[in-house]
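In what follows, every heavy atom counts, from backbone to side chain, and hydrogens, waters and symmetry copies are set aside. We name chains A, B, ... by the order of the sequence lines, and we start the count at 1 in each one. Given the structure is predicted, the values throughout are model-derived calculations rather than measurements.
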Number of protein chains: 2
Amino acid sequence: MPEYRDAQGRRLEDYPRPSVAVDTAVLTLESERGLCVILATSGLGPRLPGTFVHPGETLADAVTRSLLDKTGIQGLSPTQLHVFDNPNRDDRGWVLSVAHLDTVAPDRLRLDHSLAEIRPVDQLPSLPYDHEGVVARAVETLRAEYRRSPDPRHFLPDSFTLRELHDVHEAIAGASLGRDTFRRSMLSQLVDTGDRTSGIVGKPARIFSRSEDR
Amino acid sequence: MPEYRDAQGRRLEDYPRPSVAVDTAVLTLESERGLCVILATSGLGPRLPGTFVHPGETLADAVTRSLLDKTGIQGLSPTQLHVFDNPNRDDRGWVLSVAHLDTVAPDRLRLDHSLAEIRPVDQLPSLPYDHEGVVARAVETLRAEYRRSPDPRHFLPDSFTLRELHDVHEAIAGASLGRDTFRRSMLSQLVDTGDRTSGIVGKPARIFSRSEDR
DNA sequence: CAAATAGTGTCTTTTAGACACTATTCG
DNA sequence: CGAATAGTGTCTAAAAGACACTATTTG
């Protein structure tokens, strides 16, 4: 690649540049405690997992790498939320941080408990930098996604009952949702597999799957 | 400030860092052509106004500076849209670009026409980098804001008639909106000033103002 | 059969949309 | 007065919400 120089004969590297970090709120569901976030616990007190972005990497690459290194989990589909850009937000110098949301289904969560802990989003400890704001944005973004679509983050397996989907939605919304309206709005967005549950008390439930990849 | 060093005794500046740019889709309304975007026209072909972020600046500062320098307009309230982060997106090297949306009311637009032109968002020329995607995101974001609130970007002055508001919403939506439903949904979100229009044909219209700063 | 859960039918309330009709101004 | 625009009243259709009732399973 021919080296670039601007009108003053200078390269990009001759101008001051910020360090760029990523910080990620990984949200998951727990049956008892509802919507939770994963916090790294590496001596300095609880915080969101993050790292500096390396050359040749995308932001999503950096998120995935930081989650593996800092919490032992396999990242999925990081979504950008916001760039925190206060020039004085980090004592170490000029650091921009790109906040992300990621999600992991409870049954796929393999967490290294020596590195991380799981906390309900409404019972957070005090977090450094802008991390409490990141969690708030992550929760609001996830709620907006689930208002539009049955299970866009695949918290459930490929097929599931309406009851299971209802429980997921209530956990994410942090509120109860009304059986009738929920059923009607979801039926039009799901595919009936024709199968039924069996082996548990009560009338067998229809088993549905997502249409396309919603 | 004591100089920061990490566990390897290195400073932040010892690690590779990207250049960080901002690019902004400034949207405005024209009575005949509807929703439009401002394009810089500086010899290299039309493109969104942008600049590299300087030390000590926020991203919003950089947006404001670039708009003044490249188009002669005074920026208002830049909103972050997305970070474009493909490591190879710029020939000059590793450059992240933070896309922004800004808006300017037609009567406050003082454009330097030797530097910039105004184009309807549905009649764009071919744009470099990710700039067509930026415009698309900007338009979608603005439309979402106006679905939720009467005039969050203050395209209209402090007081206005329902007709004027209706025209703004149709221009932004790029579609006609239905007089009755529009009226009903807006009345509950506006404050009746008690004044009426006068001097124009037809029944005088009530003049409303925004409640709070919506 | 009793308890538990799934699913249906139906009624009411709310909201969206259409549209005719009235009201008030200018020229 | 006629053209133009603002505002109201009312009807219908669709959606949201409540709730009783039926259906089918396990233990």
Item to check | Side chain A/Glu145, main chain A/Pro152, donor-acceptor under 3.5 Å | outcome: no
Next on the checklist: Any side-chain to backbone donor/acceptor pair from B/Gln189 onto B/Ser211? Under 3.5 Å, distance only.
Outcome noted: no
Spacing between [X] atom [atom1] and [N] atom [atom2], to the nearest angstrom:
| X | N | atom1 | atom2 | answer |
| --- | --- | --- | --- | --- |
| B/Arg196 | D/dT5 | CZ | P | 18 Å |
| A/Ile207 | D/dT25 | CD1 | P | 13 Å |
| A/Met186 | C/dA6 | CE | P | 16 Å |
| A/Arg163 | C/dT5 | CZ | C1' | 7 Å |
| B/Ile200 | D/dA6 | CD1 | C1' | 10 Å |
| B/Phe182 | C/dA18 | CZ | P | 15 Å |
| B/His166 | D/dA6 | NE2 | P | 11 Å |

Item to check | Side chains of B/Thr51 and B/Arg65, donor plus acceptor under 3.5 Å | outcome: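 Yes, side-chain donor-acceptor contact under 3.5 Å.
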Checklist entry - Regarding A/Asp102 and A/Thr24, is there a side-chain donor-to-acceptor distance under 3.5 Å anywhere? => result no
Checklist outcome for this item: 5' to 3', nucleotides 8-21 of chain D under a 4.0 Å protein heavy-atom cut-off (B base, S sugar-phosphate only, - none) gives B-------BBBBB-
Checklist entry - Stepwise, does the side chain to side chain donor-acceptor pair (under 3.5 Å) test hold for A/Asp158 with A/Ser209? => result CA-CA 6 Å; A/Asp158 286 342; A/Ser209 61; over 6 Å; no
Checklist entry - Heavy atoms, side chains only, cut-off 4.5 Å: are A/Ser126 and A/Glu132 in contact? => result yes
Checklist outcome for this item: Closest to the 5' end of DNA chain D, once B/Gly202 and B/Phe208 are matched to their nearest nucleotides, is B/Gly202
Next on the checklist: Less than 4.0 angstrom from a charged side-chain N to a carboxylate O is my criterion; do B/Glu140 and B/Arg147 meet it?
Outcome noted: yes
Next on the checklist: Filter on ring-ring contact (aromatic ring centres under 6.0 Å, His included), then keep only pairs touching residues 157-188 of chain B, sequence neighbours left out; what's left?
Outcome noted: B/Tyr146-B/His169, B/His166-B/Phe182, B/His169-B/Phe182
Checklist entry - How about A/Phe52 and A/His54: are their ring centres within less than 6.0 Å of each other? => result no
Next on the checklist: Roughly what angle, to 10°, lies between the helix axis at the start of the helix from C/dC1-D/dG27 to C/dG27-D/dC1 and the one at its end, five pairs per end?
Outcome noted: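 Roughly 0° between the end axes, to the nearest 10°.
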